[in-house]
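Down below is the structure, laid out as structure tokens.
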2 protein chains.
Amino acid sequence: MSVQERKERERAGRERLIVATARELAEQQGWDAVTTRRLAERIEYSQPVLYSHFRGKREIIGAVALQGASEMAVALRAATAAADGPRARVAALAHGYLDFAERNPAVYDALFQLDGGLRYAREDTPGPLKDAFAALLECLGEVAGDAVPPGMFTEVFWASLHGIVTLTRAGRLLPEDTEQRVDLLVDRLAVL
Amino acid sequence: MSVQERKERERAGRERLIVATARELAEQQGWDAVTTRRLAERIEYSQPVLYSHFRGKREIIGAVALQGASEMAVALRAATAAADGPRARVAALAHGYLDFAERNPAVYDALFQLDGGLRYAREDTPGPLKDAFAALLECLGEVAGDAVPPGMFTEVFWASLHGIVTLTRAGRLLPEDTEQRVDLLVDRLAVL
DNA sequence: TCTATTGTCTAGCAGTGCTAGCATCGAGGT
DNA sequence: ACCTCGATGCTAGCACTGCTAGACAATAGA
């Protein structure tokens, strides 16, 4: 059976290559540039090979999103770990979130902007997505205040950050004032 | 010169027809369904006619966005006009915003999600866009608090609403709790 | 060594945004 | 009333998209 195992390993490796290449291409030139032809050419296989791993382009986006969600969870926990006290923790979380979005715009798009065929806010939501939300919740839950459920507070805070990210990147907001916007959000929304 | 005037009138009418039809089609079946072929067929002209009015699809989206911005400004001012006191005004504004987004998803996309080739947050930003922002500012400026510039407060509040709209519509947030989310936003962000 | 299966590729479909170039229509001058 | 000529809208087609059918080659097992 060793032959079959080797084949499966190779197959899994190629799948990782596809996801990594799609992500790289998207970060370099945007998701519009990630066409099945270009992607196939970069991994040095023909187009149909992509479809033996994924149902379509959407699923490839979804795979990048899942990978990104795991990384985001790690990044957020790392950002908050060093901070002392609730105020500093929330501020660090917010900055960590914006930093991640700025450094990985294509991944951020895959996660929250594009259709990757993933289910959110449900029981069958994939683990990495739940975990990324959990990373937010761990930090924000303690500043929700008594009258507000931690989960809902986290959603609102998250939505606010997301709004800043998307409007800034779409040219609707100027990037210069991001710092002050985050401060305002932290000072007013969080109960310290 | 009357002949030329008539021709210009007809041309302007056809341009309005294009924009209205694009908007209608987008609201009915989403922007993906707004192809130049389908749009041309609906207005009962051939594709190239579209390009004698607009440089491309992007500009058509931009035209819909401008129309939408004017309507949004009207809707927001109407929503706040009836409210008594700062708290009620801000709440009414927020609900008005979410209502507009929910009732005109395609227009909202054209305004804030898609690339319509418009310039935002600049001096040469088109009037309707400035006016829509002004409508927000008129209401939100009075609850920004002393320490925060009205413009920046408005941007943050707007971004928060925008985050809720986009995440909800993308299935990242459940629509049921929208009411409470808005309440939280109003209670915490606004200085009353 | 031969066979059967697995895997990959070539070629093609229907659709996209956009445009070159032709045909037709009608306004303005004689 | 007729002819000219420019404006205007059309047909046809380009290069691209996501995706797939079917031919072909490589390879594992007998």
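Just so we're clear, the structure is a prediction, and the values are computed from it rather than from any experiment. In what follows, every chain begins at residue 1, and chains take the letters A, B, ... in the order their sequences are listed.
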Output one letter per nucleotide in nucleotides 20-25 of chain C: B when a protein non-hydrogen atom lies under 4.0 Å from the base, S when only the sugar-phosphate is that close, - when neither is.
B-----
What residues form a salt bridge (charged side-chain N to carboxylate O under 4.0 Å, His left out) with A/Arg58, not counting sequence neighbours?
A/Asp115
For B/Ala83, enumerate each residue passing the side chain to side chain contact (heavy atoms under 4.5 Å, CB included) test, keeping only those at least two apart in sequence or located in another chain.
B/Ala88, B/Arg89, B/Ala92
Contacts of B/Glu138 that satisfy side chain to side chain donor-acceptor pair (under 3.5 Å) - sequence neighbours left out:
B/Arg77
Restricting to salt bridge (charged side-chain N to carboxylate O under 4.0 Å, His left out), what partner residues turn up for A/Arg16, sequence neighbours left out?
none
For B/Arg42, all residues meeting salt bridge (charged side-chain N to carboxylate O under 4.0 Å, His left out), sequence neighbours excluded
B/Glu24
Pairs under 3.5 angstrom only: tabulate donor-acceptor contacts from the side chains of residues 184-192 of chain A to other protein residues two or more places apart or in another chain.
from, atom 1, to, atom 2, distance (Å)
A/Asp187, OD1, A/Arg87, NE, 3.1
A/Asp187, OD1, A/Arg87, NH2, 3.0
A/Arg188, NH1, B/Ala144, O, 3.3
A/Arg188, NH1, B/Leu189, O, 2.8
A/Arg188, NH2, B/Ala144, O, 2.8

note: A/Tyr45, atom OH; C/dG7, atom P; distance rounded to Å ~ 12 Å
Taking ring-ring contact (aromatic ring centres under 6.0 Å, His included) as the definition, give me every residue that meets it alongside A/Tyr108, ordered by chain and number, with sequence neighbours left out.
A/Tyr97, A/Phe112, A/His162
Hey, quick one: are A/Leu137 and A/Met72 part of the same hydrophobic cluster, counting side-chain heavy atoms closer than 4.5 Å, chains of contacts allowed?
no
For atom CD of A/Glu8 and atom P of C/dG7, their distance in whole Å
10 Å
What is the separation between atom CZ on A/Arg14 and atom P on C/dG7, rounded to the nearest whole Å?
9 Å
Within residues 34-86 of chain A or reaching into it, pairs that qualify as ring pair (Phe, Tyr, Trp, His ring centres under 6.0 Å) - sequence neighbours excluded:
none
Could you tell me whether B/Arg6 and B/Glu10 have a side-chain N and a carboxylate O separated by less than 4.0 Å?
yes
Got a list of side-chain donor-acceptor pairs under 3.5 Å for residues 146-155 of chain A, not counting sequence neighbours?
from, atom 1, to, atom 2, distance (Å)
A/Thr154, OG1, A/Pro150, O, 2.8
A/Glu155, OE1, B/Arg181, NE, 3.2
A/Glu155, OE1, B/Arg181, NH2, 2.8

Among residues 19-38 of chain B, which ones have heavy-atom contacts with DNA chain D below 4.0 Å?
B/Arg37
What residues in residues 50-63 of chain A put a non-hydrogen atom under 4.0 Å from any atom of DNA chain D?
A/Tyr51, A/Gly56, A/Lys57
Just checking A/Arg11: base, sugar-phosphate only, or nothing, at a heavy-atom cut-off of under 4.0 Å?
nothing
Atom CG of A/Leu114 to atom P of D/dG18: distance rounded to whole Å?
13 Å
Determine whether any donor atom in the side chain of A/Gln47 lies under 3.5 Å from an acceptor atom in the base of D/dC19, or the reverse, and answer yes or no.
yes
Grab the NZ-P distance between B/Lys7 and C/dA27 for me, whole Å please.
6 Å
